[in-house]
Amino acid sequence: IEIATEDNLSIPLTFKNNTDKPLGGLLTITAPDGLKSLVDVPTIQTIMPGVAKTIYLDYKVLDKIGYGDFTIAFK
């Protein structure tokens with residue numbers, strides 16, 4: 001898949017809690033320099049038991065070369 005300058009990119013991120021208790025944690029997202037986040041995603045996330053939760057990570061592709069890894073961590 002390719003993206004070009006000024007494109008908007010939306011990445012679905014789905015959490016699923018298969019336990020019988022609420023699951024909470026800290027979400028950390030690191031994007032390459034060439035992407036600008038369009039939304040503020042809360043760093044503290046709670047997923048209720050037996051539920052799936054999808055968050056959309058929306059970015060704009062900037063007019064510059066961006067190097068780096070796109071990383072998502074949930075602890």
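Side-chain atoms are counted along with the backbone in the values below, which use heavy atoms only and exclude waters and symmetry mates.
- The line from CG of D58 to CG of L9 is 8.0 Å long, rounded to the nearest 0.5 Å.
- The distance from atom NZ of K36 to atom CG of N8, rounded to the nearest 0.5 Å, is 10.5 Å.
- Considering I11, L57, T28, T30 as possible partners of I72, the one that fulfils the side-chain contact (heavy atoms from CB on, under 4.5 Å) test is L57.
- When the shell of 6.0 Å around CG of D63 is examined, it contains 12 or fewer heavy atoms from other residues, nucleotides or ligands.
- Taking every heavy atom of both residues into account, D7 and A4 meet most closely at OD2-N, 2.8 Å.
- Between P32 and G68, the shortest heavy-atom contact is CG-O, 3.6 Å.
- Around atom NZ of K53, more than 12 heavy atoms belonging to other residues, nucleotides or ligands sit under 6.0 Å away.
- Residues V51 and N17 are not in side-chain contact: their nearest non-hydrogen atoms beyond the backbone lie 4.5 Å or more apart.
- Residues I55 and M48 fall into different hydrophobic clusters, defined by Ile, Leu, Val, Met, Phe, Trp and Tyr side chains chained together at heavy-atom separations under 4.5 Å.
- Nearest approach of Y56 to V39, heavy atoms of both residues: O-CG2, 3.9 Å.
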L23 vs F15, side chain to side chain contact (heavy atoms under 4.5 Å, CB included): CA-CA, chis, key distance, verdict | CA-CA 10 Å; L23 179 64; F15 299 91; over 6 Å; no
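- V61 and L38 fall into different hydrophobic clusters, where Ile, Leu, Val, Met, Phe, Trp and Tyr are joined by side-chain heavy atoms under 4.5 Å apart, directly or via other members.
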Worked check of side chain to side chain contact (heavy atoms under 4.5 Å, CB included) between L13 and F74 = CA-CA 11 Å; L13 174 62; F74 183 70; over 6 Å; no
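- Smallest separation of non-hydrogen atoms from Y59 and A31: CE2-CB, 3.8 Å.
- Linking ILVMFWY side-chain heavy atoms closer than 4.5 Å, directly or via other members, places I44 and L27 in two distinct hydrophobic clusters.
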